[in-house]
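Before any comments, here is the structure.
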Amino acid sequence: MKKIGIITSGYLPVPASKGGAVETLDEYLLKQNENEGNFEFVIFSAFDNRAKAESAKYPKSRFVFVKNSSFIDRLDKTIFLLAKKLFKNKQSSSFRYIIKRIHFIREVGRQLNGMDLDYLLFENNATLFSALRYRDNFKKYSGKYGLHLHNVIKNSFGNDKYIMNVNRVIGVSQYINSTLKLKYPAIGDSRFKVLRNSVDSTMFLQMEGSSKFSEFRENLELRAVILFSYSREEFPRKKVCWKQLKLLI
């Protein structure tokens, strides 16, 4: 049975006790593996008491929880407050968990060096590839790691070499894959695959054809409903009047 290491974000835990889109998808994967038992997953996750308790539901997976000290929490909070004052826009959010993530990546790198895993999957963030810098990790896992891509990578944080040497990029859409292809054409088309985030359409068809469905649409003056839009850049802006869309929560 293949041992696959999944390197998560480093700030939200898996199981997804604190939410998170990517973390929830990771937990879906764990649930499916409990039914099929094709792999032994080794999950590298930020520590959380509730997540650790919930991990007992997945005996076919192994969890490596990385704790950080209260000093790291206070330091991250200070850096974030300073960033909010310096950057009066969304840029400050990227400073939220800097020290926590550095500590996480360092610990993951150390753990990987002492393990013998068949494959590594890095979840969505270019900073995580820094774990391959530790000792001989890059040589050890060369040709045996991939990237699960959900967002546009805008900054490689000096990890270009490790990103270009992935043997597989699994993106949530052709568009997301195309952004990485443009940035790293050396990766090559053959290493890109699309695995879309699925929707159970039966959940949304239960009301269709009923009087409640018609009443619901009439009351909200709905002509069309967009369930989820991954990136506005994927849509031709000139053809969509965003101001006329309603947000349904």
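Note that the coordinates shown come from a computational prediction; the quantities given were computed from them, not determined experimentally. Hydrogens, waters and symmetry mates play no part in the numbers below; they use all other heavy atoms, side chains included. Count residues from 1 along the sequence.
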Output a table of donor-acceptor pairs, distance under 3.5 Å, between side-chain atoms of residues 125-133 and any protein atom two or more places apart or on a different chain; print 'none' if there are none.
residue : atom : partner : partner atom : Å
N125    : OD1  : R101    : NH1          : 3.4
N125    : OD1  : T127    : N            : 3.0
N125    : OD1  : T127    : OG1          : 2.7
S130    : OG   : T127    : O            : 3.1
S130    : OG   : N159    : OD1          : 3.4
S130    : OG   : N159    : ND2          : 3.0
R133    : NE   : N159    : OD1          : 3.1
R133    : NH2  : G158    : O            : 2.7
R133    : NH2  : N159    : OD1          : 3.0

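Annotation for K31 and Y58: closest pair CE-OH, 3.3 Å, computed over non-hydrogen atoms. When every heavy atom of G10 is checked against every heavy atom of A46, the shortest pair comes out as O-CB, 3.6 Å. Here the closest heavy-atom approach between residue I7 and residue F104 is recorded as CG2-CE2, 4.1 Å. Across every non-hydrogen atom of V166 and R191, the tightest pair is O-NH1, 2.6 Å.
One distance of note links OG of S45 with NZ of K52; it measures 11.5 Å at 0.5 Å rounding. Atom NZ in K18 sits 7.5 Å away from atom CG in L12 (nearest 0.5 Å). Here the straight-line distance linking atom NE2 of H148 with atom CG of N124 works out to 8.0 Å at 0.5 Å rounding.
A donor-acceptor pair under 3.5 Å links the side-chain atoms of Y145 to the main chain of Y162, judged by distance alone.
Residues R62 and E40 are in side-chain contact: their nearest non-hydrogen atoms beyond the backbone lie under 4.5 Å apart. In this structure the side chain of M115 reaches within 4.5 angstrom of the side chain of Y141, judged on heavy atoms. By the 4.5 Å heavy-atom criterion applied to side chains, F63 and L30 are counted as neighbours. At least one side-chain heavy atom of L180 sits under 4.5 Å from a side-chain heavy atom of I153. In this structure, L25 and N197 have side chains that are in contact, with non-hydrogen atoms separated by less than 4.5 Å. In this structure the side chain of K161 reaches within 4.5 angstrom of the side chain of N165, judged on heavy atoms. With contacts defined as side-chain heavy-atom distances shorter than 4.5 Å, the pair S156/Y184 qualifies. Side-chain contact check for H103 versus V66: some heavy-atom pair is nearer than 4.5 Å.
Side-chain N/O atoms of D73 and N68 include a donor and acceptor closer than 3.5 Å.
Taking the ring centre of Y119 as origin, the terminal cationic atom of K2 falls outside the region bounded by 6.0 Å and 45° from the ring axis.
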